[in-house]
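Input: a single structure, listed below in structure tokens.
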Amino acid sequence: MTIEKQARGRASEVFWAFLALGLTSFGGPVAHLGYFRTAFVERRQWLSEQAYADLVALCQFLPGPASSQVGFALGLMRAGPWGAAMAWLAFTLPSALVLAMFAMGATLLDGPMASGIIHGLKIVAVAIVAHAVWGMARNLCPDKTRAGIALAAVFSVVVVSGPLGQVSAIVLGGLVGLLLCRESAQGELADSLHFAVSRKVGMISLGLFVALLVLLPLLAGGAVWLAVVDSFYRSGALVFGGGHVVLPLLEAEVVQSGWITADEFLTGYGAAQAVPGPLFTFAAYLGALLPGLPSVIGALLALLAIFVPGFLLLVGVLPFWNRFRQWGSAQALMRGANAAVVGILAAALYNPVWTSAIVGPYEFALALTGFLLLTVWKLPAWLVVIVVALGGVVIAA
């Protein structure tokens, strides 16, 4: 009885923590990682800086939406399977509801007040990501070697854009760490990450991921809903980096197949830029427009199908992650990989976070205000979000 009450309480704690983020986390996947760090490393101290960076590096390697996978893993670590479900639901539901309603004719994103708030929330993402880069750099790049790895990662991402540049930067950072960071790894035991996932469950998850990828195309002709699940599952399973990278796959599945028009696709993509949370919730908009299914059913099927493969892969890998992280060589490798993650976040701070939000001196001053409120005055992130969002309304007026 007591254990059940504690589990429910912890799951509810995860839900409310992620709901606040789902309502306010603008700026894309990199900004989301900054929000998560502020909420769960600094404020709630659910895990250490190093453990968080290790988790980010793992999710960057796997196909699927990296920020949502990190959130799912944080919920799983904190409150088991129910915590993982609550983390995903709370972080995803706000933007999914808005986009599905937009597809059905609602106009929640119109009006000068809404535009000003959205503009302010994009600006606050600059402050959040800058704060995350600053804090992670101090903890994960304390010496010249790791600072050099972070700088090299910045150049790698600038030269090779997209997920290929990010994965390459982490791989190269890990290799350099393996060679040069062994001394810094000595005496530093990686913090354990406790996940309620057995090896058996992990193997079942990996098997289910492969089985669905193979079987769904064979079953897709049997019913409309199976064709929808197949299209969105395949899009979520075959994309590295998540976010904008999934758009060409979705366009091929829903526009080139004739399910929706190119204009409808672009309109929904524009709306997806104006909502918080993961860009994968764009699937809810597309699902609501699909022919042959009620809008609510189509949105729900598309939303679940696009997220499931990334979560199956994550659950499949997690049981083996802690043992790998405890090896001496693995710790040196992760030192380098974590430094590379800092460089990737620093590069993304400029593009797309800064370039999409800072268009003039007023936006710069507002972003700097948010950064100082976080770092000097140490105000909670939710209060900084409110202050800067209201500032966005003033600027837009």
Side-chain angles (χ1 to χ4, degrees), residues 59 61-66 68-69 72 81 84-85 88-89 92-93 95-97 99-104 162-163 201-269 271-272 277-317:
C59 293
F61 274 117
L62 298 177
S68 293
Q69 287 170 313
F72 184 88
W88 174 78
L89 182 66
T92 305
L93 191 60
S95 57
L97 284 175
L99 290 174
M101 293 174 67
F102 181 74
M104 291 183 275
V201 171
M203 295 302 296
I204 291 174
S205 296
L206 292 175
L208 188 57
F209 168 82
V210 175
L212 289 173
L213 192 61
V214 173
L215 293 178
L216 281 174
L218 302 178
L219 301 173
V224 174
W225 71 271
L226 282 172
V228 171
V229 171
D230 170 48
S231 294
F232 285 88
Y233 183 89
R234 190 165 58 250
S235 296
L238 301 179
V239 60
F240 282 87
H244 301 275
V245 185
V246 79
L247 294 175
L249 294 175
L250 288 176
E251 192 272 340
E253 294 291 344
V254 301
V255 177
Q256 295 181 25
S257 65
W259 281 347
I260 70 171
T261 67
D263 285 343
E264 289 173 326
F265 185 89
L266 292 175
T267 299
Y269 173 61
L279 186 61
F280 267 42
T281 55
F282 181 36
Y285 167 89
L286 297 174
L289 293 177
L290 296 178
L293 288 173
S295 295
V296 174
I297 300 299
L300 184 60
L301 284 176
L303 189 67
L304 289 173
I306 201 168
F307 277 102
V308 162
F311 293 157
L312 286 175
L313 275 177
L314 179 63
V315 171
V317 170

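Across every non-hydrogen atom of Gly316 and Ser205, the tightest pair is N-CB, 3.9 Å. Gly310 and Gln69 get closest at one heavy-atom pair: O-NE2, 3.0 Å. Nearest heavy atoms, Cys59 versus Leu314: SG-CD1, 4.1 Å. Heavy-atom minimum distance, Ser295 versus Ala288: OG-O, 3.1 Å. Closest approach of Ala302 to Gly287, counting heavy atoms only: CB-CA, 3.9 Å. Shown here for Ala284 and Ala96, the closest heavy-atom pair between the two residues is CB-O, 3.8 Å.
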Evaluate the criterion side chain to side chain contact (heavy atoms under 4.5 Å, CB included) for residue pair Leu290 and Leu301; output intermediate values, then yes/no. CA-CA 11 Å; Leu290 296 178; Leu301 284 176; over 6 Å; no
Determine, step by step, whether Leu286 and Ile260 satisfy the side chain to side chain contact (heavy atoms under 4.5 Å, CB included) criterion, reporting the C-alpha distance in whole Å, the side-chain angles of both residues, the deciding distance to 0.1 Å, and the verdict. CA-CA 8 Å; Leu286 297 174; Ile260 70 171; 3.4 Å; yes
Walk me through it: do Phe232 and Val254 pass the test side chain to side chain contact (heavy atoms under 4.5 Å, CB included)? CA-CA 9 Å; Phe232 285 88; Val254 301; 3.9 Å; yes
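Summarising the geometry, atom CD belonging to Glu253 is positioned 4.0 Å from atom OG belonging to Ser231; distances are rounded to the nearest 0.5 Å. Note that CG of Leu250 and CD of Gln256 are 11.5 Å apart. Values are rounded to the nearest 0.5 Å. Note: Ser235 OG to Phe280 CZ = 8.5 Å, rounded to the nearest 0.5 Å. Here Thr281 contributes atom OG1 and Leu279 contributes atom CG; the two are 6.5 Å apart, rounded to the nearest 0.5 Å. Atom CG in Leu303 sits 9.0 Å away from atom CG in Leu97 (nearest 0.5 Å). Atom CD1 of Ile306 is separated from atom CZ of Arg234 by 11.5 Å, given to the nearest 0.5 angstrom.
Counting heavy atoms from C-beta on, the side chains of Ser68 and Phe307 come closer than 4.5 Å. Within the 4.5 Å cutoff, no side-chain heavy atoms of Ile297 are placed close to those of Trp225. Counting only heavy atoms from C-beta outward, the side chains of Leu206 and Leu312 never approach each other to under 4.5 Å. Put simply, the side chain of Leu213 does not reach to within 4.5 Å of the side chain of Pro309, judged on heavy atoms. Residues Val315 and Val201 have side chains in contact (heavy-atom distance under 4.5 Å, counting atoms from C-beta outward).
The aromatic rings of Phe265 and Phe282 lie perpendicular to each other, with more than 60° between the two planes, well past the 30° mark. Taking the six-membered ring for Trp and thresholds of 30 and 60 degrees, Phe311 and Phe72 have nearly parallel ring planes, at less than 30 degrees apart.
The backbone N or O of Ala262 lies less than 3.5 Å from no partner atom in the side chain of Glu251, so there is not a single donor-acceptor pair. A donor-acceptor contact shorter than 3.5 Å is absent between the side chain of Tyr233 and the backbone of Leu304.
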